[in-house]
Number of protein chains: 2
Amino acid sequence: MKRATRTVTIRDVARRSGVSVTTVSRVLNNRLDVAEETTKKVQAVVHDLGYGSSLAARGLRSRRTNVIGLIIPEVASHYCQEILRGVNRTIALLDKNLIIYTSGVLQRENIALHERSSVGLLNGGIADGVIVVTPTATQFATDAPLVIIDPNNDNPSYPAIIATNREGALSAVDYLISLGHRRIAHISGRRELISSVQRLQGYREALEAAGIPVDEELIEIGDFSTATAIPCVRNLLALTDRPTAIFASNDMTAIAVYEVAAEMGLRIPQDLSVVGFDNLRESAFLFPPLTTVDQSVEKMGAMAMEILVKLVKGEPLTPEADDAPYLVKVPTQLVVRGSCAPVSPRSPTRTHNADSAVSR
Amino acid sequence: MKRATRTVTIRDVARRSGVSVTTVSRVLNNRLDVAEETTKKVQAVVHDLGYGSSLAARGLRSRRTNVIGLIIPEVASHYCQEILRGVNRTIALLDKNLIIYTSGVLQRENIALHERSSVGLLNGGIADGVIVVTPTATQFATDAPLVIIDPNNDNPSYPAIIATNREGALSAVDYLISLGHRRIAHISGRRELISSVQRLQGYREALEAAGIPVDEELIEIGDFSTATAIPCVRNLLALTDRPTAIFASNDMTAIAVYEVAAEMGLRIPQDLSVVGFDNLRESAFLFPPLTTVDQSVEKMGAMAMEILVKLVKGEPLTPEADDAPYLVKVPTQLVVRGSCAPVSPRSPTRTHNADSAVSR
DNA sequence: CTGTTAGCGCCTTCAG
DNA sequence: CTGAAGGCGCTAACAG
């Protein structure tokens, strides 16, 4: 087999500089105990040969690669994009670290896949630590630092970041109620995610606090994706006593509401009010602009990164340096834009659109 | 199991199964020359211990990790998202491959950073091959398979994928001309990218073919990002003889046109026509929906992946198995939506509409 | 079929 | 200040 790996190794550098591999290694790692002249010489050769140290070898030998991993459920989602922005922003400020993102293919076995990814990166010694976004698994076979964004249980085993989902939902539904809505529907997110559960809870509480009985018919189970939400919206809007407002568990779900409303000839916000959750960049450009609960996803990504870096450095997260589960709560805030209106004076169901009802 | 000791290695598995490390390795790699009973036993222990092989070690020893790398300029851009979609889709069909994305922080030194990333992954022995998207560098210090999406020179040193940019631009500008526009501006993309140059070229050719002199004042240099394009649009719309149409080099640039138009109180398409390039998913949801040139970015991602996999397997790209530069051209197509209108009658420019025969 | 012997490229003792 | 060993976890040769 031909010597395909023509890659230049540390040995080549050593030979060319007339020093030992050890010395080269020292130079590369900015050790101070090297003669300046030697350092210069080696650096020149390194540059000359275009040498780059092998991540694999480095990760194998020493547990410090300056690489951190990010495991996300779906690279191409807007939510993950926001996180990427935050993570990138933070990593740019830190020392010249490299970053690796991985993504599994979502097949309902992403439990296994996520874990594999994580293990592949960590046990693989490639990354110094990992951020896992909306994990399905609760335990990971690793000792390396791990930070979770949007965990799937109340008491995550790892440091985690989560928004004040209940409060956010409360403010969203309160707002709708203040506009006179009483038939308010909700499309929930992935059930295994605590964020999803908390939003549903906030929805219920807001209704109850206003003395509006919760109608289970008005609650649909989604999974935070537009595709899944579409039939949910259809169900909702096909009800005889149609809701006048929908509180979507996230912005992607709200988009489904927009789409179905358009296909049914319903105008937003005149015929139907919509509130989302997340405040993705895109939501402001929808037509009409989406009223939504901001949870600064980007900031969550940035915070996760900051925490992880501390963890990697071995710095304590809290002054007390205890090992108690560390949970960061990110505040939420309602952003009012154009997708909500006061409930129309007349009954919302078929005023002039006397077509045949959608049967189901 | 809080106290998860050091990571479990192949040796632990070997010890626990009462076989040698080699045998375990063989089982892990699905070698056929292992007794079924041994295989079962080892697999049980592997599962039991939650063992996962170290990517670093594997990559170091054997040049086959089943991981491919993807180097993109900006993870959070819509363009890259489309590519991610394509890459993900393809990789899902292939054998259980894992995939790693990396991203540098763009600092105008991303030439260096891109190259570093690439080298880090390849020289690092982590990936079997790499896809580089819109590279700034032309040469990479690696022997591992490399595929480029949207190269930066006419004759890339590696297999590359590129859209028929000139033809696409031609069709876009022809379309605007057919609507009666004569003051057609262009905001170009990153100059070092050939796609950008070709679009500009198509713009010029279309104008010339229609007998419209090219006004250099109507050409602004952007970099494919919305932020950079904003001042360009402002310049354009501040001209005394304002353009009636803008051909943006990509959809992100077109969004800048939307934004500035809104801030100036100009209506699209009544006061200003806009054509983009890319056909990102989001473009259909703009208001009004963007007329743009489709270059199926997602497909480009998928194709790059397919080519790379062949390369990794050592299969020839062409039947002749020659090593000539391999360049795949992806067709483009104009997608007409709502962002263009016939030039308004009170247009200050020549009203020679009658003979605006498009000669092509 | 299985175990032994070598390293992959690098970093970390420990001696000079 | 520098170099010579040894080994990280794993796989690819060869033996048995």
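The figures here come from the full heavy-atom set of this structure, side chains too, leaving out hydrogens, waters and symmetry mates. In what follows, chains carry the letters A, B, and so on, assigned in the order in which the sequence lines appear, proteins first and then strands, with residues in each chain numbered from 1.
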For [X] and [N], what is the distance between atoms [atom1] and [atom2] respectively, to the nearest whole Å?
X	N	atom1	atom2	result
A:Leu60	D:dC8	CG	C1'	4 Å
A:Arg58	C:dG9	CZ	C1'	11 Å
B:Ile126	C:dG9	CD1	P	13 Å
A:Asn29	C:dG9	CG	C1'	13 Å
B:Leu28	C:dT2	CG	P	14 Å
A:Ile10	C:dT12	CD1	P	11 Å
A:Asn30	C:dC10	CG	C1'	16 Å
A:Arg61	C:dC11	CZ	P	10 Å

- Task: Determine whether more than 12 heavy atoms belonging to other residues, nucleotides or ligands lie under 6.0 Å from atom CZ of B:Arg89.
- Result: yes
- Message: Using a 6.0 Å cut-off, check whether atom CD of A:Glu36 has over 12 heavy atoms from anything other than its own residue.
- Response: no
What protein N or O atoms touch nucleotides 2-5 of chain D N or O atoms at under 3.5 angstrom, if any, and at what distances?
unit_1 : atom_1 : unit_2  : atom_2 : d
D:dT2  : OP1    : A:Thr38 : OG1    : 2.6
D:dT2  : OP2    : A:Ala35 : N      : 2.7
D:dG3  : OP2    : A:Ser20 : N      : 2.9
D:dG3  : OP2    : A:Ser20 : OG     : 3.2
D:dG3  : OP2    : A:Thr23 : OG1    : 2.6
D:dG3  : N7     : A:Arg26 : NH2    : 2.8
D:dG3  : O6     : A:Arg26 : NH1    : 3.3
D:dG3  : O6     : A:Arg26 : NH2    : 3.3
D:dA4  : N7     : A:Thr22 : OG1    : 3.4
D:dA4  : N6     : A:Thr22 : OG1    : 3.2

- Stems in DNA chain C, runs of 3 or more consecutive Watson-Crick or G-U wobble pairs with both distances under 3.5 Å, sorted by first number, are C:1-4 with D:13-16, C:6-16 with D:1-11
- Message: Using atom P in both nucleotides, what's the gap between D:dC10 and C:dC1 to the nearest angstrom?
- Response: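 Rounded to whole Å, the distance is 25 Å.
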Does a nitrogen or oxygen in the side chain of [X] sit under 4.0 Å from OP1 or OP2 of [N]?
X	N	value
A:Arg31	C:dT12	yes
A:Thr9	C:dC10	yes
B:Ser54	D:dG9	no

- Message: Ignoring hydrogens and geometry beyond distance, is the side chain of A:Arg11 in donor-acceptor contact with the base of C:dG9 at under 3.5 Å?
- Response: no
Taking distance alone, no hydrogens or angles, what donor-acceptor pairs closer than 3.5 Å link side-chain atoms of residues 306-313 of chain B to residues at least two apart or in another chain?
none

- Query: Can A:Glu82 and A:Arg85 be counted as an ion pair, charged N to O under 4.0 angstrom?
  - Reply: yes
